[in-house]
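In what follows, a structure is listed as structure tokens, so that the remarks can point back to it.
Order of the sequence lines sets the chain letters (A, B, ...), proteins ahead of strands, with each chain counted from 1. All values derive from a computational prediction rather than experimental measurement. Only heavy atoms go into these numbers, but all of them, side chains included; no hydrogens, no water, no symmetry mates.
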Amino acid sequence: MSAALQNLVNQPYKHGFVTDIETESVAKGLSEDVIRLISKKKKEPEWLLEFRLSAYRHWLTMEEPAWANVSYPKIDFQDIIYFSQPKPKKQLASMDEVDPELRRTFEKLGVPLHEQKLMTGVAVDVIFDSVSVTTTYKAKLAEIGIIFCSFSEAVHEHPELVKQYLGSVVPSGDNFYAALNSAVFTDGSFCFIPKGVKCPMDLSTYFRINTEGSGQFERTLIVAEEGASVCYLEGCTAPQFDTNQLHAAVVELVALDNADIKYSTVQNWYAGDENGKGGIFNFVTKRGLCKGVNSKISWTQVETGSAITWKYPSCVLLGDNSTGEFYSVALTNHLQQADTGTKMIHVGKNTRSKIISKGISAGRSSNSYRGMVKVGSRAIGARNYSQCDSMLIGDRCEASTFPTIDVQNTTATIEHEASTSKIGEDQMFFFAQRGIDSEEAISMIINGFCKDVFVHLPMEFAVEATKLLGLKLEGSVG
Amino acid sequence: MLLEVKNLKASVDGVEILKGVDLTVRAGEVHAIMGINGSGKSTFSKVLAGHPDYTVTGGTAMFEGKNLFDLEPEERARAGLFLAFQYPVEIPGVSNSALLRLAYNTLQTERGLEELDPLEFDDLVQEKIKVVEMDASFLSRSVNEGFSGGEKKRNEILQMAVLEPKLAILDETDSGLDIDALRIVANGVNSLLTADNAVVMVTHYQRLLNYIVPDYVHVMDGGRIVRTGGKELALELEARGYDWLRAAA
């Protein structure tokens, strides 16, 4: 495997993401006036402006959190442009215009051609026209009452639903970054599955992203009513670039009685170069509320990108017999830093949670698992199982585990297991001596290590994720 | 000629360990390399297999007419050179059968043959596992994870049985084995010997040679082969130790 390809994965992609149109930007900096302007430009109702302003006022009183095991230069929040119109991607006539190195990466990852075109901004042919695909799916989903649209659209088309659920899981003043997001978010996704409906297909953000840029402060809200179920996929394995360094997204999930939400993420934002220059700071708040009895929320994430990852997809298990799950693979290489994990808050009776976390550190990176399992006094018979495994590649990286267990009743059962292992030169030599090249060897070792998480990904995602991890680790071993 | 090594010199961290090794191995032969700790036996086997810690500083090694040192370690393996490790590594999460199948199919591809699917491969490996008298449950376990010392060594021989190398180098495969395990390993190796392949055993002890009878015994000392003889040389070493040879050299 060429060093060029390795570089490519960590390089800003220069084509298709740039735009000549830079109109409608608001000046740098954050103030109530800027927020009013954002709200006005988006023609938002008064209550949403109030939501933003109260979040902003709260944010002003807050301190940037310093407890995470990451370090980065201080962010100047007045040096950020908080609003610009979505930037359309430059259209290319065919895949031939796409950087051949990038095309090779896609092939390596096994990204379907249609998907490659969507991501590189190539005009898609008649059959696979993205707009018609989206429209077709939307129409099909609408027939059974499912709403899947951009957040802005939802604010206008379904204000009562947005008003009812926005901030109900992650309150506007929840934490520093969530408050910032609540004040200035520009767009995101909204998904509503009505009572009794099982969503017949996996909902993927990529159907949306081509037409509307995902933005720096993204907001996602997913509601599954009684007995409803949905699988939601976020991100993709192809490298993603953005000129905005700071990303602070908020994702809220609400599951009512007997509802089931499965949320899968593959994150491959630009991670900076091998000397740690550049890269996205990703400060995400993701939380699901199992509001109803027997409800279930399951998070699966494969985190491979970003210079800094600060992310704890969590579950509040309010309804009796509700279930929360967290399956995570976090990979860091070069100078990447990840502090990620979950919180499982057991409130209802007989609530169950399961945490499987796999951290892979290479290069000079730092990879931390941070988790909390909290069992309240009413959570009779609550159960948790946690497993945190770390794998080190090379001898200059770091893996840490910060588990917190807080149990307030005597009927709970909590299990925690942890392990640390290392891919060494001897393992690589062993594979080589059996005729297996290093690329396949790494893929096999990583796949074995991450098996318990990958089985929870949708199948084509799992295949791509395996290849992605191998690709990200090229040249790290031996 | 399977293997022809001439005046091989190699160093690790700038220290010369091999100082001119000569060795010729033909198909159908069994060789034993003996010697005290630090004589260079294990280094010799790792250098042939291409371990990255060692630097070849002189000499040649031809394997079936190909210059071994022009080949990457995995290419040497695919050409039919097999090393049974002195300390087999553990590979958590990777099942024995998955590893064996990948290695086997890599060879099949190399030889221009069809890869085997998991079911076909299972038929093959169920036969091979009898060679080392292992339970089939070993196949679904992670490679060497939680294996006893003896089980790890038997697992190496299982890999040899599946891959059917032309030249197998057994690096102290007998060390750490109890007498039953030694017998099983030796029977396994003997059953794999044909007129078309060869085995080089690196060992401290004569007892292995009671089970796998060598055609040639070489004594290594100070990074060179200082004496070559028939199997009776091993018995002489057992009786007299190495000192008389060292003095002679």
Considering only heavy atoms, which portion of B/Leu100 lies under 4.5 Å from any heavy atom of chain A: side chain, backbone, both, or neither? neither
Is a donor on one side and an acceptor on the other found under 3.5 Å between the side chain of A/Arg434 and the backbone of B/Ala103? no
Looking only at heavy atoms and a cut-off of under 4.5 Å, which of B/Val143, B/Leu163, B/Leu107, B/Leu81 has the most pairs with chain A? B/Leu81
To check you understand the geometry: which heavy-atom pair defines the closest contact between B/Ala77 and A/Ala432, and what is its length? CB-O, 3.6 Å
Part of B/Ala98 within contact of chain A (heavy atom distance under 4.5 Å): both
Greatest number of non-hydrogen atom pairs under 4.5 angstrom with chain B, of A/Ile445, A/Ile436, A/Asp426, falls to A/Ile436
More than 12 non-hydrogen atoms from neighbouring residues, nucleotides or ligands closer than 6.0 Å to NZ on A/Lys343, yes or no? no
Which heavy atom in A/Lys451 sits nearest to a heavy atom in B/Gly93, and how many Å separate them? NZ-O, 3.3 Å
Side chain proximity check, A/Met428 to B/Pro73, heavy atoms < 4.5 angstrom: no
Output yes when a side-chain donor or acceptor of B/Glu74 lies under 3.5 Å from a complementary backbone atom of A/Asp437, and no otherwise. no
A/Asn275 atom CG, over 12 foreign heavy atoms within 6.0 Å: yes
A/Gln433 versus B/Leu83, closest heavy-atom pair with distance: OE1-N, 2.9 Å
Residue that, paired with B/Val89, satisfies side chain to side chain contact (heavy atoms under 4.5 Å, CB included) out of A/Phe431, A/Phe430, A/Phe429: A/Phe430
Does CZ in A/Arg383 sit with more than 12 non-hydrogen atoms of other residues, nucleotides or ligands closer than 6.0 Å? no
Chain A contact via B/Ile91 - side chain, backbone, both or neither, heavy atoms under 4.5 Å: both
Does any heavy atom of chain A fall under 4.5 Å from the side chain of B/Glu90, the backbone, both, or neither of them? backbone
